Amino acid sequence: MKQESGRSLIEILGVLAIAGIMSAGAIGVYNVIRNNQIRKIASMEMEQIVKNTKLLMEMRGDYTGLSVDYLISAGALKSNRAPIGGSDWSVKPIDDGKGFAINLTQLSKSECQYFIASTPKWTTKLLVNGFDKDINTDCFSTNTNEISFVIE
């Protein structure tokens, strides 16, 4: 009798199944790392927007007339691209120009929860979907969350 060398079909399928499971796990870990990095970069971009806005506007004593377009024309922003979320973000004065807010829109639930859990140090107050951030603040499950970073 002849002895055959090599692998059976069952063994090959087993190896492929293990490789598939490991690949799926690696892709999942990659996505988590990528999303966290995007959020950190967005937070750093917003911190730079706050610094540039304060530098530009504090000499006037108030923030009236502040907008994304104004910041671009003054050279404080490179483009009108939102740091994270939807394209209809804004930077607006509040309380008769005594402060300003960076308003992000169309955030996913996980992005919303990220900013609630790690409120940046440079913000005075955080509004989530129009309400003050507190223990009971909840994010919507759809990509319709809005967060306002208030700086006074």
Side-chain angles (χ1 to χ4, degrees), residues 1-56 63 66-94 99-152:
M1 277 207 245
K2 222 178 181 183
Q3 272 199 330
E4 293 185 31
S5 63
R7 304 284 177 229
S8 71
L9 184 59
I10 302 279
E11 290 172 324
I12 292 172
L13 289 175
V15 169
L16 288 176
I18 291 170
I21 290 169
M22 290 176 66
S23 296
I27 290 171
V29 168
Y30 170 77
N31 284 335
V32 167
I33 291 170
R34 183 177 159 269
N35 287 338
N36 285 338
Q37 191 65 28
I38 288 170
R39 293 173 187 141
K40 287 178 185 176
I41 290 170
S43 189
M44 289 188 311
E45 284 181 20
M46 288 186 293
E47 182 177 11
Q48 192 61 47
I49 292 169
V50 169
K51 287 178 182 177
N52 290 346
T53 302
K54 283 184 174 182
L55 187 66
L56 179 67
Y63 294 95
L66 184 63
S67 69
V68 172
D69 293 333
Y70 179 80
L71 292 174
I72 291 171
S73 66
L77 274 179
K78 292 180 184 176
S79 73
N80 64 351
R81 186 184 61 81
I84 194 169
S87 60
D88 58 343
W89 73 296
S90 64
V91 179
K92 295 182 178 179
I94 58 163
F100 64 98
I102 299 174
N103 307 302
L104 299 177
T105 60
Q106 299 171 348
L107 296 174
S108 68
K109 183 174 184 174
S110 62
E111 290 166 344
C112 178
Q113 290 170 335
Y114 172 81
F115 288 116
I116 290 173
S118 61
T119 303
K121 296 176 184 174
W122 44 263
T123 187
T124 310
K125 182 169 56 168
L126 188 70
L127 300 175
V128 179
N129 296 318
F131 298 101
D132 284 339
K133 178 195 103 166
D134 63 6
I135 298 297
N136 299 320
T137 304
D138 200 15
C139 299
F140 302 137
S141 60
T142 58
N143 290 353
T144 57
N145 293 291
E146 297 180 15
I147 291 188
S148 295
F149 300 92
V150 178
I151 298 93
E152 297 178 304

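All of these numbers come straight from a predicted model, not from anything done at the bench. Just the heavy atoms: all of them, side chains too, but no hydrogens, waters or symmetry mates, feed the values below. In this chain, residues are counted from 1 in sequence order.
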Problem - Side chain proximity check, P83 to W89, heavy atoms < 4.5 angstrom - result: yes

Problem - Check: D132 side chain, L127 main-chain N or O, donor-acceptor pair, under 3.5 Å - result: no

Problem - I10 CD1: over 12 foreign heavy atoms closer than 6.0 Å - result: no

Problem - Nearest atoms (heavy-atom pairs only) where I102 meets M46 - result: CD1-O, 4.0 Å

Exercise for the section: With the side chain counted from C-beta on, respond yes when I116 and C139 share a heavy-atom pair under 4.5 Å apart, and no when they do not. Expected result: yes

Practice task
With the side chain counted from C-beta on, respond yes when I147 and L126 share a heavy-atom pair under 4.5 Å apart, and no when they do not.
Solution key: yes

Handout entry: Within-4.5 Å side-chain heavy-atom neighbours: V128 and N145
Key = no

Exercise for the section: Work out which heavy atom in L77 is nearest to a heavy atom in I49; give both atom names and the distance. Expected result: CD2-CG1, 3.5 Å

Problem - Test item: V50 and F100 side chains (from C-beta on) under 4.5 Å apart, heavy atoms - result: yes

Handout entry: T123 side chain to V150 backbone, donor-acceptor under 3.5 Å
Key = yes

Practice task
Side-chain contact test, heavy atoms from C-beta onward, threshold under 4.5 Å: evaluate it for L104 versus E111 and give yes or no.
Solution key: no

Problem - Between SG on residue C112 and NZ on residue K133, distance to nearest 0.5 Å - result: 11.0 Å

Problem - Spacing of E11 atom CD and L16 atom CG [to the nearest 0.5 Å] - result: 12.0 Å

Handout entry: Taking every non-hydrogen atom, the tightest pair across V68 and S90
Key = CG2-CA, 4.0 Å

Problem - Whether S118 side chain and Y114 backbone form a donor-acceptor pair below 3.5 Å - result: yes

Exercise for the section: State, yes or no, whether a side-chain contact exists between K54 and Y63 at a heavy-atom distance under 4.5 Å. Expected result: yes

Problem - Donor on one side chain, acceptor on other, N103 and S148, under 3.5 Å - result: yes

Exercise for the section: Can you label the angle between the F149 ring and the F115 ring as parallel, tilted or perpendicular, going by 30° and 60°? Expected result: perpendicular

Practice task
Could you tell me whether the side chain of I94 reaches within less than 4.5 Å of the side chain of E152, counting heavy atoms only?
Solution key: yes

Problem - Minimum heavy-atom distance R39-S110, with the two atoms named - result: NH2-OG, 2.7 Å

Practice task
Could you tell me the separation between the CD atom of E45 and the CD atom of Q48, rounded to the nearest 0.5 Å?
Solution key: 9.5 Å

Fill in the blank from the handout: d(L107 CG, T105 OG1) to nearest 0.5 Å is 7.0 Å

